[in-house]
Structure formats: structure tokens, C-alpha cells
There are 2 protein chains.
Amino acid sequence: MPRADASRNRRALLDAASAELAAHGLDASIARIAARAGVAKGTVFNHFPSKEDLVAEIFEDRVAGLVAAGERLRDAADPVEALLRFMTAGIELHTRDRSFCQAAGAIPRADPRVRAASERLARTAEELTGRARDSGAVRPDITGHDVVLLFTAAAQAATPLGDTVPDLWRRYLHLIFDGLRADGAHPLPVPAPTTAQFTAAARATPAG
Amino acid sequence: MPRADASRNRRALLDAASAELAAHGLDASIARIAARAGVAKGTVFNHFPSKEDLVAEIFEDRVAGLVAAGERLRDAADPVEALLRFMTAGIELHTRDRSFCQAAGAIPRADPRVRAASERLARTAEELTGRARDSGAVRPDITGHDVVLLFTAAAQAATPLGDTVPDLWRRYLHLIFDGLRADGAHPLPVPAPTTAQFTAAARATPAG
DNA sequence: ACCTGAACACCGTTCAAGT
DNA sequence: ACCTGAACACCGTTCAAGT
């Protein structure tokens, strides 16, 4: 049973971290987050073992929101439209949150919560992808993992021009989506990643 | 006329930075780079105003290599094959160099050398794209800027699984390339970025 | 002219001392 | 049981002192 001020501080820290990360990306400072939450710097490490862990917690929360959005699209009338909407929601998450964009490539998948969130996201993506495949409009060799990696790619393709052309990502989403369609599809040289490969992806090599 | 040891140190620093950045990405430390080059930490700032500037210099050099590769492909027999090869070379640059991957999104375009290099790259891409468009195989609304952003996207899509499935990027390159083809192309909701937009892209907002 | 290494302001993290 | 703020090891950067 946590103390009243402790759970209040924890919430304040998560809110502060969420805002700071969205605005400044992964190099948001612990000092600013603590100040914004109205606690001492040391208190941050009382609630979260490390900055990486705090980021993972926020990341998990964001992904959960996207999973929920995906689940609401499961029963949509047009499965192709539903898949496009899901990818749109995923990209909008990237554009709203600077840190999410960087974290998508850099976060340690070793973290069990991040892995679990990634798995749930891939499962939701696979449900929507399966329906789109079954409709015949999307090529049969595409998986939910592909879809997750590809909307991330579309988001990152447009990121360098994000301040200049804010909706450029729509161009690349639609272009990539054309690549997902069944008609005119050429065979792909490499199979889709397996669930094990998708989730178990190792961390960068430590300094040698 | 620079002193002999000075120009030797400069070369050593560039070589050291090149290796450290490729291995450790943008957070390669100045201390390690200096040690690897056999000079004191302060000497680094004698040759380069800042770490960012040193990174920009390396970045510029890498892009120049890619431009050269693109120019060698200008007279290839099959323009579609040539464009695919160019994009492949671009992605392989990302896979060889951790920092390049991160820098592609994060480097300040304000740096005039980086801007110039980006312009040359876009121009080379446009030449190859133009030939592929004229052949009728690639859709008419695609530009060189699109191609540069899209091979970067393919590289970054596969990055999280880079240690587990090293050639996964080939899957996404070919999938995106299917989206570039003229047959079965759907209209895109947003026009291609202009040269001005591509090069002038502003820097992230400073901390508020 | 250029190199050096001590110094500075920052960062994430730890921990003894408080309540 | 939790909070605090001083302390630590790191980082990029500066600069007086050397040659």
C-alpha cells in the first residue's frame, strides 16, 4: 500500500515525463521532468530505476492507446480502409511525440514491458492485416509485423521535413500502401520477420 | 598553410570519428575519438568548432560517396534496375554506419555543408528517377526527393531488427519499390516536397 | 600555429540524512 | 516508507599555459 504523496508524485512524474518527452524527445532531462512534477531530482529514481525505465513506461502507455484504436477498427465495414486508418493512427502517434519517433528504433526490446506492448501491437496489427488480406485487396505475403514496421517507416521518412511540410507523411503512407496491394505485386526477396525475431531483437552492442 | 602535424592530426581525427560514429552512433564520445586519433581532447575543438560540426563533416563525406555511386549508374542500360541499385547503395550506407541512420533525421540542415550535400544527393536521385519515370515503369508523380526519403525509410524500418535479420531491409525496399511502379498506382494525397522544402527544413525547437 | 590538460557546466545516478 | 539535496562519474566545451 503506497503512501498518498508517493502515488501522487508518481502520477505527476509520469505526466511531466510524457509532456517533456513529447516536446524534446529522448534527451528530455530528468532535472526538467522533476521540476515540472514539483519533486527533487532524486525522487525520480525512487519511482523508476533509470531514465530508460521511465521512457519505457511512457512508451508502453502510448502503444496501449494505439492497440485500443486498432481494436475499435476490428469490426469496420471495409477492412482495407480499417488497415489504412490503423496505420494513420500509428503515424500520428509519431508526429505527436518526438520521443516515440526516436524510441521506436532505439528502445531496448530487452525490457519485458516494452516487449509485451510490442507483441500486443503486432497481434492487433495482424488481426487487421488478416482481414485486409482475406478481402483480396492486400497481398497475401504481408504480416502484422510488416505493417507495424512500415507505418513507422512512413512516419520516419517524413520526420526530417516535419516542421516544413507537416502532413508529408500522408504521401508516403499512401505510397507504401500501394506497395501493400495485391494487384501488381512483385515477389519479395526476404520473408517477413517471425514473432520471435520481432520481439527478441537484441540491444546495440555495448562499447568495446 | 597548415603545419605538418596539424593536417596529420586532422586526418587522424576524421578517420577515428568515422570509425567511432559507425560503431557507436551519434553518442560516440569525443574522448574516445581523441584517444583513437592519439591526440588530447582539446585538439578536437582546435580542428572542429563542435561535435555537431565534426559529425556533419563525416556525414558530408558519406553522402559524397553515395552521389558518386549514383553518377556511375546514370548510364546503365535498365533505368529501373539502376534506380533500385541506387536505393540499395543508400540503404547499405545506413546499415554500415549507425550514426548515419540517426543523423539522417536529426542533423541540423542549417549546416551549409550538409545542405549542399543533400542538394547534390537529391539532384543525383532526380536524374535516376527521371530516367525511370521516362521508361514508363515508375509513376510520373515521383521525384528524386521522394526516392531519397523512401530509401531512408526502408533502412529505418528494418533497423530495430538489424541484429536479428540483417537483410530484412531488402524486403521493405522491394515492397516500397512496388509502390513506386506506375501500374496500379493510386493518386497521392500530398504533393512531393519542393527543393526549397527539402533543403531548408528547420531545426527542432530549442528548449522552452 | 598548434597542442595540452586542467577547469567548467551539464548530465544521469547514488546515497546518507532527514521526516 | 518516502523525500531531499549534496556528491559522483561522466559528457561536450573552453582556455591559459606551454612548445
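Each chain gets a letter, A, B and so on, in the order its sequence line appears, and its residues count up from 1. Since the structure is predicted, the reported quantities are computational estimates derived from the model, not experimental observations.
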With a 4.5 Å heavy-atom cut-off, do B/His145 and B/Gln197 have their side chains touching?
no
Rounded to whole angstrom units, what separation is found between the CG atom of A/Asp27 and the P atom of C/dC10?
16 Å
Between A/Ser18 and A/Arg62, do the side chains contain a donor N or O and an acceptor N or O under 3.5 Å apart?
yes
On DNA chain D, check which nucleotide each of B/Arg3 and B/Phe45 is closest to and give me the residue with the more 5' one.
B/Phe45
Spacing between B/His24 atom NE2 and D/dG12 atom P, to the nearest angstrom:
12 Å
Please classify the nucleic acid contact of A/Val39 as base, sugar-phosphate, or nothing, using heavy-atom distances under 4.0 Å.
sugar-phosphate
Rounded to whole Å, CG of B/Asp5 lies from P of D/dT19 at a distance of 15 Å
Atom CD in B/Glu20, atom CG in B/Leu54: separation rounded to 0.5 Å?
11.0 Å
Nucleotide D/dC11, atom C1' - distance to CD of B/Glu20 in whole Å
15 Å
Any idea which of D/dT13, C/dC3, C/dG12 is nearest the B/Asn46 side chain?
C/dC3
Taking the minimum atom-to-atom distance to the side chain of B/Ala40, which one of C/dG12, D/dG5, C/dT4 wins?
C/dT4
Would you mind reading off the distance between B/Phe48 atom CZ and C/dC2 atom C1', rounded to a whole angstrom?
14 Å
Over all strands shown, is B/Ala28 touching base, sugar-phosphate only, or nothing at heavy-atom distances under 4.0 angstrom?
sugar-phosphate
In Watson-Crick or G-U wobble terms, with both distances under 3.5 Å, the base opposite C/dT4 is D/dA16
Selection from C/dT4, D/dG12, C/dG12 that lies nearest to any side-chain heavy atom of B/Lys41
D/dG12
Salt bridge between B/Asp178 and B/Arg181, side-chain N to carboxylate O under 4.0 Å?
yes
Starting at CG of B/Asp53 and ending at C1' of D/dG12, how long is that distance when rounded to a whole Å?
14 Å
How many whole angstroms separate atom CG of B/Leu26 from atom C1' of D/dG12?
14 Å
Does a side-chain N or O of A/His47 approach OP1 or OP2 of D/dC3 to a distance below 4.0 Å, or not?
yes
Please report, rounded to the nearest Å, how far the P atom of C/dC10 is from the CZ atom of A/Arg32.
13 Å
Please work out if A/Thr43 contacts a base, only the sugar-phosphate, or nothing of the nucleic acid, heavy-atom cut-off 4.0 Å.
base
So which heavy atom on A/Asp97 is nearest to which on A/Ala22, and how close?
OD1-CA, 3.3 Å
Tell me whether the side-chain N/O atoms of B/Asn9 come closer than 4.0 Å to OP1 or OP2 in C/dC3.
yes
